[in-house]
**Student:** 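Before I ask anything, let me first share the structure, which is written out below as structure tokens.
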Amino acid sequence: MVDRKTNRVITLEEYIIQAQNKFPGATGELSQLLRDIGLAAKIISREVNKAGITNILGEDGTTNVHGESVKKLDLFADKQLISALNRSEITCMVISEENDGIVELDNDGGKYIVYLDPLDGSSNIDVNVSIGSIFSIYMRKNSETEQLSEDDALQSGLKQVAAGYVLYGSSTLMAYTTGLGVSVFTLDPSIGEFILSDDDVKIPDHGTIYSVNEGSYHSWDEGLKKYVKYCQVEDPESSRPYKARYIGSMVADVHRTLITGGIFIYPNSSQYPNGKLRLMYECNPLSFLIEQAGGMAIDGEGRILEIEPDSIHQRTPIFIGSKQNVLKVKEFLEEYNHQAINA
Ligand code: FDP
């Protein structure tokens, strides 16, 4: 995207500084933090792109806090992001999918707390399918002189000051919001800079793609089964049947949903009674972005962003995407899950 006044491209760094200058009282710390994440993203992107020729594919031989096997690239991404955040001493604490408890950084007086999913969609790493990094930024809750604890980090998604993701796909892009719309940047590898590609992305109000792991159909609640059948019915007036698309990397599935509209679902099921995806570093940040783009994200009943967390690694079901699609699935859940309870 080209700056209309100067007729030249805008880099992530310039964009962040311009945005900061609109707020005369801003300290520049949040801007620095976003730039640090941008730098780590470039390093991770470089490593992802040459993963097949270096010895970084495959498993590390350990399991993470969720019992999932850890890939070498998961650990590389985790390390890069945490060391980038440690550099500018603005962040006091990181909570990451790859670490059991909180990770205290060198400046325990820093005012920001960052949640990270360093490499989302890890099962796709070794097969060259899109993966991503997700971040969510909060102000610490307690005073800067108090001992840091998990309690500082347990805040609802409504309190996020910024959130975003980096998608390592056919190109590498970074999307983020500070609560004033969603901006997207594409990495130009020839100059090593993220270039602004859209500064106010809006999700279509309705879309014709549904995205869910249908292999789990038999372990879903009745309402979701009925909704998916509704998506498959032929009805040209409402553009049905919808298309089914499921990459299996949440960032990639949600990014497609942001651009083309539709719905991404990871429900509760008999296998995952509380859903599989993590509230604090997967669902909250992506819900913040999708809401900022004009979409909706619910856990089946209420807004994801309104959930009061009781643990840093907690899970939640999620139904996220275009407003009309999310409202439609909600109707089905209310009608049929309710009937099942009363049967
Ligand atoms: P993965 O296990 O590969 O890390 O975060 C978990 C996640 O990927 C999401 O990115 C993805 O949407 C989901 O799990 C895929 O789960 P299923 O294999 O159960 O569909």
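Just follow the structure's listing: the first ligand is 1, and inside any ligand the first atom is 1. Note: hydrogens, waters and symmetry copies are ignored here, and every other heavy atom, side chains too, is used.
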**Student:** Does a donor on one side chain sit under 3.5 Å from an acceptor on the other, for Ser211 and Arg256?
**Tutor:**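 Yes, Arg256 and Ser211 have a side-chain donor paired with an acceptor closer than 3.5 Å.
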
**Student:** Under a 4.0 angstrom heavy-atom cut-off, which atoms of ligand 1 come close to Ser122?
**Tutor:**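 This gives 1 (P), 3 (O), 4 (O) as the contact atoms.
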
**Student:** Short list, please: which atoms of ligand 1 are under 4.0 Å from a heavy atom of Glu282?
**Tutor:** 5 (O), 6 (C)

**Student:** Check ligand 1 against Ser249 and write out every atom of the ligand that is under 4.0 Å from a heavy-atom position of the residue.
**Tutor:**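 Answer, ordered by atom number: 10 (O), 12 (O).
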
**Student:** May I ask you to identify the nearest protein heavy atom to atom 14 (O) of ligand 1, giving residue, atom name and distance to one decimal place in Å?
**Tutor:** Lys276 NZ, 2.9 Å

**Student:** Can you check whether Glu97 has an N/O within less than 3.5 Å of an N/O in ligand 1?
**Tutor:**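 No: no nitrogen or oxygen of Glu97 is under 3.5 Å from one in ligand 1.
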
**Student:** Quick one: nearest non-hydrogen protein atom to atom 1 (P) of ligand 1, plus distance?
**Tutor:** Ser123 OG, 3.7 Å

**Student:** Is the closest side-chain donor-acceptor distance between Gln232 and Tyr210 under 3.5 Å?
**Tutor:** yes

**Student:** Are Tyr266 and Leu305 connected, step by step, through hydrophobic side chains (Ile, Leu, Val, Met, Phe, Trp, Tyr) whose heavy atoms are closer than 4.5 Å?
**Tutor:**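 No.
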
**Student:** What residue and heavy atom of the protein are closest to atom 11 (C) of ligand 1, and at what distance?
**Tutor:**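 The closest heavy atom on the protein side is Gly248 O, 3.2 Å.
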
**Student:** Which ligand 1 atoms, with their elements, are less than 4.0 angstrom from a heavy-atom of Asn213?
**Tutor:**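 Selected atoms, number and element: 17 (P), 19 (O), 20 (O).
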
**Student:** Identify, by atom number and element, the atoms of ligand 1 in contact range of Asp120, meaning under 4.0 Å from any of its heavy atoms.
**Tutor:** 5 (O), 9 (C), 10 (O)

**Student:** List the residues meeting side chain to side chain contact (heavy atoms under 4.5 Å, CB included) with Lys202, not counting sequence neighbours, and say none if there are none.
**Tutor:**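 Listed in chain order: Asp200.
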
**Student:** Does Tyr246 reach ligand 1, in the sense of a heavy atom lying below 4.0 Å from it?
**Tutor:**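 Yes, Tyr246 has heavy atoms under 4.0 Å from ligand 1.
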
**Student:** Is a side-chain donor-acceptor pair under 3.5 Å present for Tyr168 with Ser133?
**Tutor:**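 On atom types as modelled, these side chains qualify, holding a pair under 3.5 Å.
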
**Student:** For residues Phe194 and Phe185, establish whether the separation of their ring centroids is below 6.0 Å.
**Tutor:**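 Centroid separation for Phe194 and Phe185: 6.0 Å or greater.
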
**Student:** Check Asn124 against ligand 1 and report side chain, backbone, both or neither, counting heavy atoms closer than 4.0 Å.
**Tutor:** neither

**Student:** Does a side chain donor of either Asp78 or Ser96 reach within less than 3.5 Å of an acceptor in the other side chain?
**Tutor:**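 Ser96 and Asp78 do have a side-chain donor-acceptor pair below 3.5 Å.
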
**Student:** When you measure from atom 12 (O) of ligand 1 to every protein heavy atom, which one gives the shortest distance, and what is it?
**Tutor:**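 Here the nearest protein heavy atom works out to Met250 N, 3.2 Å.
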
**Student:** Distance under 4.0 Å to a non-hydrogen atom of Tyr266: what atoms of ligand 1 satisfy this?
**Tutor:**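 Answer for ligand 1: 16 (O), 17 (P), 19 (O), 20 (O).
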
**Student:** Quick one: are the ring centres of Tyr115 and Tyr138 less than 6.0 Å apart?
**Tutor:** yes

**Student:** Quick check: closest heavy atoms across Ile263 and Thr257, and the distance to 0.1 Å?
**Tutor:**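 Closest approach of Ile263 to Thr257: N-CG2, 4.0 Å.
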
